[in-house]
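Reviewing the structure listed below.
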Amino acid sequence: MKIGFLVDTLSIEKGTGIARYSNNLISRLQKSGFDVDCIFPNRPEDPVAGMFGHTVKLPYKIFINRSHYDIFHANSPITGIGLPLTNKPKIITYHDLASILYQPEAKQHVRTLAPYFYKIGKYCDTVISNSTQTKEELVRYLNFPQDKIVVINLGVDDKFFPIQKNQKNHKNDFIIGYVGAISPRKRVDYLIKVLKIFKKRYEKLNIRLVICGKKTSYHEQIIKMARDLDVIKFIEFRSFVPDDCLNETYNSFDVLIIPSEWEGFGIPILEAQKCGIPTIIRENVHIPAEVSECCLKCKDEKEIANQVYELLTDNEKYHNISKMGIEYSNRFTWDKMVNETIDVYNKIL
């Protein structure tokens, strides 16, 4: 079976969920004996060139190579714009509908194209959704037929595992951690407010906040808020964490907080849980149910601060939440994802 896998350069080079998905799918399919070619437009960072690459160069490559492959599989809607140009079996993977349902962070060319490229799945034989949440959105907002959509969750690498911590807790020295983008959608401001409340209520516990993520324009707003609330000295800002350092980073935390309003999948949640780190999210946010299953859910900053305190002072509760997270996250494997994808290939052929 020869597969034309449609990607763009950025979606396999960045440490995102889509990059993890694409790279694991490609490498594991190849190890299983499949002939996989990556078809991409060599898209640069420039938005205009990016739009040209997705709307002209990539469709052109699909058209001229349409007879060379048994199946075409686009790793996202924007790489699948040219799929209607071939009559070969077509598959497309949807990771979220953020560009039309949460537009403030989408780039201009993405907002312009989103209403069109999101509908490409209607011209495909099968649509893969990374979560039940995304499937429900495809049905509700784009009128996709339910029986056309197959839910295949992302996996979690085996490189994530608990590391024995040193005996620091007797000193009441704890770390609240965050890993992700520094953007309004991620609501990193929640972390600053939680820290302020915690310091005021539980001053006997020595707690630090470690924020890991690539600096953006929003980063300065977070720093200003931390200064205004007089908690900047308790915060360490780190840059983007490379994949080979993630396990050590998660294990350096005592608790992970993901305060996002919206996650297409939320893979850091499962990665941290696989390391045995209890994870807290907010109630009624846009995170897939299968990912947030074992998270502690809090309604506001005060409740998050209280929950952190309980975890750090109740060893039995901490152990139980940690164990539950490890067991649950172990259900998500890349081998399972690949095998379910192969089933889709075989079915449509």
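One-based numbering along the sequence shown.
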Minimum-distance pair of heavy atoms, taken over all atoms of Leu209 and Leu195: CB-CD2, 4.0 Å

Value rounded to 0.5 Å, distance of CG in Asn23 from CZ in Arg28: 11.0 Å

Side chains of Arg20 and Asn24, donor plus acceptor under 3.5 Å: no

For Asp228, side chain to side chain donor-acceptor pair (under 3.5 Å) partners two or more places apart: Lys224

Short side-chain donor-acceptor distance under 3.5 Å, Lys297 and Gln307: no

OG1 on Thr126 to CD1 on Ile92, rounded to 0.5 Å: 11.5 Å

Student check: side-chain heavy atoms of Asn75 and Leu25 closer than 4.5 Å: no

Atom pair OG (Ser217) and CD1 (Ile182), whose distance is rounded to the nearest 0.5 Å: 11.5 Å

From Thr313, Asp314, Asn320, residue fulfilling side chain to side chain contact (heavy atoms under 4.5 Å, CB included) relative to Lys317: Asp314

Nearest heavy atoms of Lys159 and Asp243, plus distance in Å: NZ-O, 3.2 Å

Flag, side chain of Ser32 to backbone of Phe34, donor-acceptor distance under 3.5 Å: no

Nearest heavy atoms of Ala181 and Tyr178, plus distance in Å: O-OH, 2.6 Å

pair Ile71-Met1: side-chain heavy atoms closer than 4.5 Å: yes

Closest non-hydrogen atom pair, Gln133 against Pro288: OE1-N, 3.3 Å

same_hphob_cluster(Tyr190, Ile277) at 4.5 Å side-chain heavy-atom cutoff: yes

Greater than 12 external heavy atoms within 6.0 Å of Glu283's CD: yes

Asp158 bridged to Lys274 by N-O distance under 4.0 Å: yes

Whether Asn251 side chain and Phe161 backbone form a donor-acceptor pair below 3.5 Å: yes

Connected via hydrophobic side-chain network under 4.5 Å: Met324 and Val291: yes

Straight-line distance of Ser129 OG to Phe144 CZ, nearest 0.5 Å: 10.5 Å

Smallest separation among heavy atoms of Pro278 and Leu311, with atom names: CB-CD1, 4.0 Å

Side chain to side chain, Ile128 and His73, heavy atoms closer than 4.5 Å: yes

Donor-acceptor side-chain pairing of Thr132 and Glu290 below 3.5 angstrom: yes

Under 3.5 Å: donor-acceptor pair, side chain of Lys61, backbone of Phe40: yes

Min side-chain heavy-atom separation Val179-Tyr250 under 4.5 Å: yes

No-hydrogen, no-angle side-chain donor-acceptor test under 3.5 Å, Tyr69 and Asp37: yes

Close side-chain approach of Asp157 and Trp334, heavy atoms under 4.5 Å: yes

From CD1 (Ile192) to CD1 (Ile223), nearest 0.5 Å: 9.0 Å

Tyr94 side chain near Glu137 side chain, heavy-atom distance below 4.5 Å: no

Distance, nearest 0.5 Å, that separates CG of Asp8 from SG of Cys38: 11.0 Å

Heavy-atom side-chain contact between Lys336 and Arg331 under 4.5 Å: no

Cluster overlap Ile342 with Val151, hydrophobic side-chain contacts below 4.5 Å: no

ILVMFWY network linking Leu29 to Leu349, side-chain heavy atoms under 4.5 angstrom: yes

Mutual orientation of the aromatic rings belonging to Phe198 and Tyr309 [parallel < 30°, tilted 30-60°, perpendicular > 60°]: tilted

Short side-chain donor-acceptor distance under 3.5 Å, Tyr328 and Glu293: no

Heavy-atom donor-acceptor pair, Asp125 side chain to Ile348 backbone, under 3.5 Å: no

N-O pairing of Lys186 and Glu263 below 4.0 Å: yes

Non-hydrogen side-chain atoms of Tyr202 and Leu312 separated by less than 4.5 Å: no

